[in-house]
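Below: the structure, in structure tokens.
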Amino acid sequence: MPAKDGGICRVKLPGGLLTSAQARAVAAVARTHASGVLELTNRSNLQIRGVREACQGALVQQLLDAGLGPRHADADDVRNVLISPAAGRDPGAHLDTRPLAEQLLALLQDVPAFRDLSPKFAVQLDGGEALAMLDHPHDIWLSALPGGTQLAFGLAGCPRGEVLGVVESDQAVQLVEALLRLFLQLAGEHTRMRQLLAELPAQAFLARLPSAFQHATPGFASPAPDGVPLGVHAQAQPGRVMLLAGAPLGRLQTEQLQALAELAETEGSGELRLTPWQGVLLPDVPAARQAAVAQVMSDLGLLLDARAPLARMLACSGSAGCAKSAADTKADAQRLATHLGPHGPAQVHLCGCPRSCAAAHIAPYTLLAQPGGRYDLYRREQGLAGFGRLLATSLDIDQAGEHLAAGNPE
Ligand code: SF4
């Protein structure tokens with residue numbers, strides 16, 4: 001995709017998994033053929049920014065050689081199955097979702113009809129992990145129930161939303177296939193499930209499914225973790241821990257990715273998992289090494305403390321990378337962070353325009369850029385659409401920092 005700072009190449013990662021060899025390959029192509037800036041997305045994928053036009057073919061070929069492509073050349077866009085970065089490692093999970101996620105990814109890629117789905121159409125698969133982004137809205141979601149033999153499912157939402165039914169785990173692929181085929185049959189001009197359900201109630205939609213999938217079970221609610229759980233986490237595997245780190249403003253340099261690949265090889269199992277919080281999970285670290293590894297990650301410039309102001313900040317590409325942006329949101333976020341201490345607002349999102357690319361959810365506070373590089377400040381409020389209540393208009397970034405640092409930006 002073209003952008004102001006060169007081409008952007010989005011690399012979709014199955015379940016957010018990036019092996020150390022793949023991480024080295026990404027770092028190498030980004031250094032050789034692009035600007036060296038990598039972006040981590042809120043769907044646990046990555047983007048290589050600043051791709052030089054003459055290098056596009058070589059860059060894509062080297063990524064394919066590293067095993068980072070789809071099963072079929074025209075099936076890249078549909079690879080949207082989201083799982084917890086801690087899948088298969090979380091000690092409290094009901095189900096290791098990775099095998100099912102693999103089957104769902106194969107289904108999406110192998111059925112030619114599913115290439116008509118929007119590139120944003122996504123399936124969320126929750127194994128009951130503590131490390132999960134449950135408020136990320138998707139078109140279809142499934143969430144494992146205790147015991148792991150059944151999954152609750154719903155549409156156009158997330159595992160804290162309305163449960164429409166329960167399916168046996170070994171029937172989940174068939175259910176998703178039936179839901180996808182039905183969606184495509186009924187969608188018309190609509191590209192996302194929520195648009196269709198605005199016209200056709202969910203129960204009416206489900207009533208058209210084969211009867212095997214029509215057992216409603218209300219009342220299930222999966223607990224939502226609070227904030228981004230950066231730091232060290234216990235693992236199901238004895239003697240091992242996983243470290244969850246944030247990438248400041250969702251970006252990594254190639255040197256950082258290269259160093260993470262080395263760390264995964266020397267201290268872990270050679271695996272990195274990208275997270276929906278625009279960061280990295282390093283699993284399988286010996287518990288005795290956790291402090292040393294955390295120090296190395298911190299020295300690399302990664303964020304392991306959720307109280308760090310930059311760990312609570314989101315910013316889109318801004319005017320340096322996007323022609324639509326009215327402000328340099330990344331640079332302004334860095335400056336804003338200097339105003340905020342460890343007890344500042346839960347999360348601030350700097351948007352260059354109302355498209356809100358950097359977040360799938362509404363953040364507690366949003367700074368929306370206005371012509372001239374100033375910002376309007378909003379606070380999320382239940383019942384209010386859009387970014388929430390407008391608290392102040394036309395602030396420069398220092399004034400915005402003073403408002404937010406005051407604790408009560410009203
Ligand atoms: S939110 Fe707007 S300005 Fe920011 S990257 Fe997206 S389209 Fe560009």
Side-chain angles (χ1 to χ4, degrees), residues 1-12 30 34-51 77 80 82 118-122 133 135-138 191-192 194 228 246-253 274-279 310 312-337 345 347-380 384-388 390-397 400-401 404:
M1 296 169 286
K4 209 170 153 188
D5 55 343
I8 299 175
C9 177
R10 178 168 296 164
V11 186
K12 294 201 169 181
S35 66
V37 173
L38 303 162
E39 261 173 0
L40 312 186
T41 78
N42 56 35
R43 289 184 169 203
S44 306
N45 294 318
L46 63 80
Q47 295 184 161
I48 301 170
R49 290 200 74 101
V51 179
D77 282 350
N80 299 318
L82 283 98
S118 153
K120 291 190 179 301
F121 197 102
M133 184 186 260
D135 57 359
H136 201 306
H138 296 292
T191 57
R192 302 296 301 271
R194 67 171 180 276
V228 181
L249 303 175
R251 284 196 169 175
L252 286 180
Q253 301 294 323
L274 299 202
T275 76
W277 303 283
Q278 297 177 298
L310 269 181
R312 291 176 280 118
M313 225 160 274
L314 295 168
C316 73
S317 311
S319 55
C322 177
K324 292 193 177 70
S325 186
D328 188 349
T329 51
K330 293 274 192 215
D332 285 343
Q334 293 277 3
R335 188 171 173 103
L336 182 64
Q347 195 177 54
V348 186
H349 176 195
L350 289 87
C351 281
C353 83
R355 274 188 68 181
S356 189
C357 298
H361 64 290
I362 301 299
Y365 291 96
T366 298
L367 284 165
L368 179 62
Q370 302 300 315
R374 299 176 81 86
Y375 291 90
D376 288 352
L377 174 63
Y378 292 83
R379 185 180 62 207
R380 184 177 68 195
L384 283 186
F387 295 120
L390 180 61
L391 300 180
T393 58
S394 197
L395 302 171
D396 68 29
I397 200 62
L404 289 161

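For ligands, and for the atoms within them, numbers begin at 1 and follow the listed sequence.
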Checklist line | Residue, atom name and distance, where the atom is the protein heavy atom closest to atom 4 (Fe) of ligand 1 | finding: Cys316 SG, 2.4 Å
Next item on the list: Please could you name the atoms of ligand 1 that Gly352 approaches to less than 4.0 Å, counting only its heavy atoms?
Entry: 3 (S), 4 (Fe)
Check: For residues Ser394 and Arg374, is any side-chain donor paired with an opposing acceptor at under 3.5 Å?
Finding: yes
Next item on the list: State which residue, out of Lys120, Lys12, His138, fulfils the side-chain hydrogen bond (donor to acceptor under 3.5 Å, both in side chains) condition with Asn80.
Entry: Lys12
Checklist line | Residue that, paired with Asp376, satisfies side-chain contact (heavy atoms from CB on, under 4.5 Å) out of Leu395, Leu391, Leu390 | finding: Leu390
Check: What distance do Glu39 atom CD and Cys357 atom SG have between them, rounded to the nearest 0.5 Å?
Finding: 9.5 Å
Check: Between Ser356 and ligand 1, which residue portion shows a heavy-atom distance shorter than 4.0 Å: side chain, backbone, both, or neither?
Finding: backbone
Check: What part of Cys322, side chain from CB on, backbone N/CA/C/O, both or neither, has a heavy atom under 4.0 Å from ligand 1?
Finding: side chain
Note to self: Would you say atom 6 (Fe) of ligand 1 has Cys357 as a near neighbour, meaning an N/O/S atom of that residue under 2.8 Å away?
What the structure shows: yes
Note to self: Starting from atom 2 (Fe) of ligand 1, what is the nearest protein heavy atom, named by residue and atom, and what distance separates them?
What the structure shows: Cys353 SG, 2.3 Å
Checklist line | Thr41 side chain to Arg10 side chain, donor-acceptor N/O pair below 3.5 angstrom | finding: no
